[in-house]
Q: 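Input: one structure, supplied below.
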Amino acid sequence: MTDNIKNKLDFLKKGEYKKLRRPLNEKIIRWDEGVCEMDMQTYLLKHMLQNEEPLLYEGDIFGFNRTVYETPVGYIKDKCYALETGNVTPNYEYALGVGMDAILDRINTKLKDCTENKKRKFYLSMKESISDCLDLADKYRDHALEKDNKILYDALCQVPHKPATTFHQACIFVKFIQFTIRCNRNIHITLGGFDKYMLKYFMADLERGVSEDSLFEILEDFFININLDSDIYYGAQQGDNGMSMVLGGRDINGNDRYSILSHMCLKAAMELELIDPKINLRVDKNTPLERFEFATRLTKKGLGFPQYCNDDIVIPGLIKHGYDPIDAHEYTVAACWEFIIPGKGFDIPNIHRVNFPKAIELATNERLLYCENFDEFLKEVKKYIEAECTSIAEEMIKNREKATPYLSVFIDDCIERGLDVSEGGGVYNNYGAHGVGISTAADIIAAVKKSVFEDKFCTKQELISAINGDFKDNSSLRNYLLSCPKMGNNDDYVDVFAGFIIDIFADVFSRYKNHLGGILRAGTGSAMEYVRCAALVGATADGRRKGDTFGSSYSPSTITKLKGPLSCIQSFSKHDLTKVINGGPLTMEIHDNTFRNEDGIKKVASLVKTYISLGGHQLQLNAINREVLLDAQKHPENHKNLIVRVWGWSGYFNELNIVYQNHIIKRTEFMV
């Protein structure tokens with residue numbers, strides 16, 4: 001790490017620059033009826049950009065720093081039009097390769113021959129938004145000249161108007177796209193396959209004599225720079241900002257795309273130890289063990305990434321769901337884990353969630369007494385899960401996204417079709433939902449089977465009364481239920497029910513199309529719903545008390561006593577996960593002592609490789625120490641930079657809501 005990078009890292013961590021931000025001048029903007037949504041969104045972006053002023057920090061070679069910490073909200077009469085569309089990867093490769101002026105020319109050409117009023121309005125909105133964004137870029141260029149920042153000035157004389165020609169220019173262009181789209185009030189805009197679309201600029205610089213060390217310094221500087229305003233961009237919790245990056249993967253011809261740039265990105269993340277970018281590594285059964293070992297060294301840092309995505313499962317799963325094979329091989333991830341195609345469409349992967357334990361709670365309370373045997377109960381459970389999935393699916397297809405003409409600039413086919421991305425201008429327009437509490441749901445079914453129908457430890461009424469009373473006067477029954485088979489120990493007795501749930505989920509969703517003709521995608525993720533959905537469910541037949549949270553995404557319940565890491569990955573890789581291709585990882589906590597020596601690193605790397613070989617689709621690891629986390633709760637001032645994986649993203653432990661802190665502390669710590 002150079003002195004320049006050390007100084008900039010120190011500048012970031014001190015956070016004094018945040019004091020330079022100010023509130024937005026006129027945050028709420030109201031219109032009477034008659035204003036169309038597209039005109040309103042175009043004006044709101046203009047208003048936001050006009051409030052932003054060029055701001056350069058010492059040695060700043062990227063620019064585009066937020067000076068306003070708010071974004072405007074539009075109202076037509078009393079209806080709010082806050083734009084929170086996101087989980088999209090723009091087509092950086094196209095924009096970097098042609099420049100914004102060429103995109104404007106393309107829009108002007110379409111306008112010439114366009115007679116349809118609606119399309120003309122769309123083109124004019126795109127054109128105005130691009131011009132407003134370029135005006136800000138020009139202000140930054142002029143400001144760089146005033147500040148005698150020749151490096152940035154020279155770069156801004158080329159980009160974003162013209163195509164990028166160097167790695168540094170390409171980084172600025174990416175920052176410009178990120179900055180302006182977020183000023184457009186879109187959220188969770190990812191970096192996508194950074195090592196793919198940036199590689200040609202990196203290699204061109206090498207060929208013209210720029211040293212690897214110089215390029216690595218630019219890369220680390222870029223990583224630091226995108227963290228400067230990450231606190232402004234967040235979702236459910238601070239750190240949930242969508243700044244994900246995907247590295248590696250196989251192309252359509254089976255070629256491994258892991259490159260020198262991919263390796264440098266992992267190395268930069270390892271050195272800087274920042275929450276962004278959140279690294280996702282595409283791997284498969286043929287990925288060499290050495291790569292897993294190097295990635296494990298990043299896991300050792302305690303950042304909660306890389307998250308691993310298995311091409312052997314994801315690509316066939318996407319193709320099975322109707323994605324073109326070429327596009328499927330280009331997949332990236334949304335803010336957390338949802339599989340999306342960069343620049344190709346408007347998949348909205350987290351519209352809703354299915355609460356599986358809730359469905360089984362209802363089945364238990366309403367139908368168990370009438371079931372003569374377990375098969376009858378299982379049929380009732382299936383009916384209730386189908387009803388829950390159907391209800392959610394029918395709710396999802398009512399979803400309508402708001403117009404976002406500027407975002408549409410970076411989505412393929414929108415310009416060609418003259419259609420906003422919210423109206424189907426892109427190639428893919430699929431919706432997705434999380435499947436919450438799958439392991440808890442499987443555990444509940446297994447516990448009912450064993451306690452009532454096999455061991456006859458209790459009657460049906462005794463079980464119902466105990467769970468409705470939160471086990472307050474029935475600790476012996478609760479202890480028995482806690483001892484029943486739990487998912488995560490490679491026990492088919494319970495694991496089979498996870499497959500049962502997945503099959504129902506996927507089957508129901510396969511029957512629906514949304515209003516744009518897109519499919520509904522089932523997934524094993526949960527996001528924050530392992531807390532929110534759990535709060536809607538009372539005590540359950542697996543021994544869980546009312547108020548206890550579920551496991552995160554496709555992971556063991558927090559009440560499960562697990563045998564070990566191998567049994568855990570075996571449980572969560574034995575089903576056909578191509579059916580639930582909306583994504584959702586197995587999350588495992590590894591005690592940080594494991595990483596103290598080379599032998600531990602090799603063991604963790606081998607565990608990850610085994611999970612991929614077994615057919616798991618996604619995996620994320622947290623290197624944690626429960627004692628450190630508990631101390632951080634008591635003495636947060638001593639752990640300001642403590643980072644953890646929360647659900648599909650990493651954040652600073654001290655910035656998390658206490659319920660998420662406690663959930664991480666409750667998860668099983670494995671020794672490998």
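Quantities reported herein were computed from a predicted structural model and do not represent experimental measurements.
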Q: Decide yes or no for V508 and R511: does some side-chain heavy atom of the first lie under 4.5 Å from some side-chain heavy atom of the second?
A: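 V508 vs R511: side chains touch.
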Q: Side chains of D284 and N310: donor-acceptor distance under 3.5 Å anywhere?
A: no
Q: Just to verify, which of L274, V644, I643 counts as forming a side chain to side chain contact (heavy atoms under 4.5 Å, CB included) with S650?
A: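 Exactly one candidate clears the test, I643.
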Q: Once side-chain hydrogen bond (donor to acceptor under 3.5 Å, both in side chains) is applied, do any residues pair with E395, and if so which ones, sequence neighbours excluded?
A: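 E395 satisfies side-chain hydrogen bond (donor to acceptor under 3.5 Å, both in side chains) with no residue once adjacent residues are dropped.
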Q: Regarding N582 and E338, is there a side-chain donor-to-acceptor distance under 3.5 Å anywhere?
A: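 Not at all, the side chains of N582 and E338 share no donor-acceptor pair under 3.5 Å.
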Q: Checking K196 now: which residues fulfil salt bridge (charged side-chain N to carboxylate O under 4.0 Å, His left out) with it, not counting sequence neighbours?
A: E93, E330
Q: Could you grab the distance from atom SG of C265 to atom CD1 of I279, nearest 0.5 Å is fine?
A: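 So the SG of C265 and the CD1 of I279 are separated by 6.0 Å.
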Q: Just wondering, more than 12 heavy atoms not from K382 lying within 6.0 Å of its NZ?
A: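 Counting neighbours around NZ of K382, 12 or fewer heavy atoms of other residues, nucleotides or ligands fall under 6.0 Å, so no.
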Q: Could you go step by step and tell me if D195 and R257 meet the salt bridge (charged side-chain N to carboxylate O under 4.0 Å, His left out) rule?
A: CA-CA 8 Å; D195 59 344; R257 285 203 294 237; over 6 Å; no
Q: When you compare the side chains of E401 and N399, does any donor N or O come within less than 3.5 Å of an acceptor on the partner?
A: yes
Q: What residues form a salt bridge (charged side-chain N to carboxylate O under 4.0 Å, His left out) with K320, not counting sequence neighbours?
A: D576
Q: Please determine whether salt bridge (charged side-chain N to carboxylate O under 4.0 Å, His left out) holds for the pair K546 and D548, giving the CA-CA distance in whole Å, both sets of side-chain angles, and the decisive distance to 0.1 Å.
A: CA-CA 6 Å; K546 181 179 180 181; D548 286 350; over 6 Å; no
Q: Are F356 and F505 an aromatic pair, judged by ring center distance below 6.0 Å?
A: yes
Q: Please name the residue in the list R282, K285, H617 that meets the side chain to side chain donor-acceptor pair (under 3.5 Å) test with D311.
A: R282
Q: Dump the intermediate steps for salt bridge (charged side-chain N to carboxylate O under 4.0 Å, His left out) on E361 and K358, then the final yes or no.
A: CA-CA 5 Å; E361 177 189 48; K358 184 65 180 179; 2.9 Å; yes
Q: Taking only residues two or more places apart in sequence, or in another chain, which ones meet S230 in a side-chain hydrogen bond (donor to acceptor under 3.5 Å, both in side chains)?
A: none
Q: Considering non-hydrogen atoms only, spot the tightest contact between A334 and T190 and give its length.
A: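 Here A334 and T190 meet closest at C-CG2, 3.6 Å.
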Q: Can you confirm whether E394 sits close enough to K398 that some side-chain heavy atom of one is under 4.5 Å from a side-chain heavy atom of the other?
A: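 A side-chain contact is absent here, since even the closest heavy-atom pair is not under 4.5 Å.
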Q: Would you please indicate if the ring centroids of W649 and F305 are separated by under 6.0 Å?
A: no
Q: Do Y428 and Y323 make the cut of ring centroids closer than 6.0 angstrom?
A: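 When the ring centroids of Y428 and Y323 are compared, they turn out to be within the sub-6.0 Å range.
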Q: Please name all residues satisfying salt bridge (charged side-chain N to carboxylate O under 4.0 Å, His left out) with E273, sequence neighbours left out, ordered by chain then number.
A: K301
Q: With rounding to the nearest 0.5 Å, note down the distance linking OG1 in T578 to CD1 in I319.
A: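 T578 atom OG1 to I319 atom CD1 measures 11.0 Å (nearest 0.5 Å).
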Q: Quick one: do the N489 and Q570 side chains pair a donor with an acceptor below 3.5 Å?
A: no
Q: Is the number of heavy atoms from other residues, nucleotides or ligands under 6.0 Å of K561 NZ greater than 12?
A: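 Incorrect, the count does not exceed 12.
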Q: Within the 3.5 Å criterion, strictly below it, is a donor on D495 or S571 matched to an acceptor on the partner's side chain?
A: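 Looking only at side-chain atoms, S571 and D495 do form a donor-acceptor pair, the distance falling under 3.5 Å.
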Q: With under 30° as parallel and over 60° as perpendicular, where do the rings of F374 and F497 fit, or are they tilted in between?
A: perpendicular
Q: Whether R291 engages the ring of Y258 as a cation-pi pair (distance to the six-membered ring centre under 6.0 angstrom, angle to the ring normal within 45°) should be assessed.
A: yes
Q: Could you check, using the six-membered ring where one of them is a Trp, whether F653 and H639 have ring centers closer than 6.0 angstrom?
A: no
Q: Any pair with a residue in residues 436-450 that passes side chain to side chain donor-acceptor pair (under 3.5 Å), sequence neighbours left out, goes on the list, sorted by first then second residue, please.
A: K450-D455
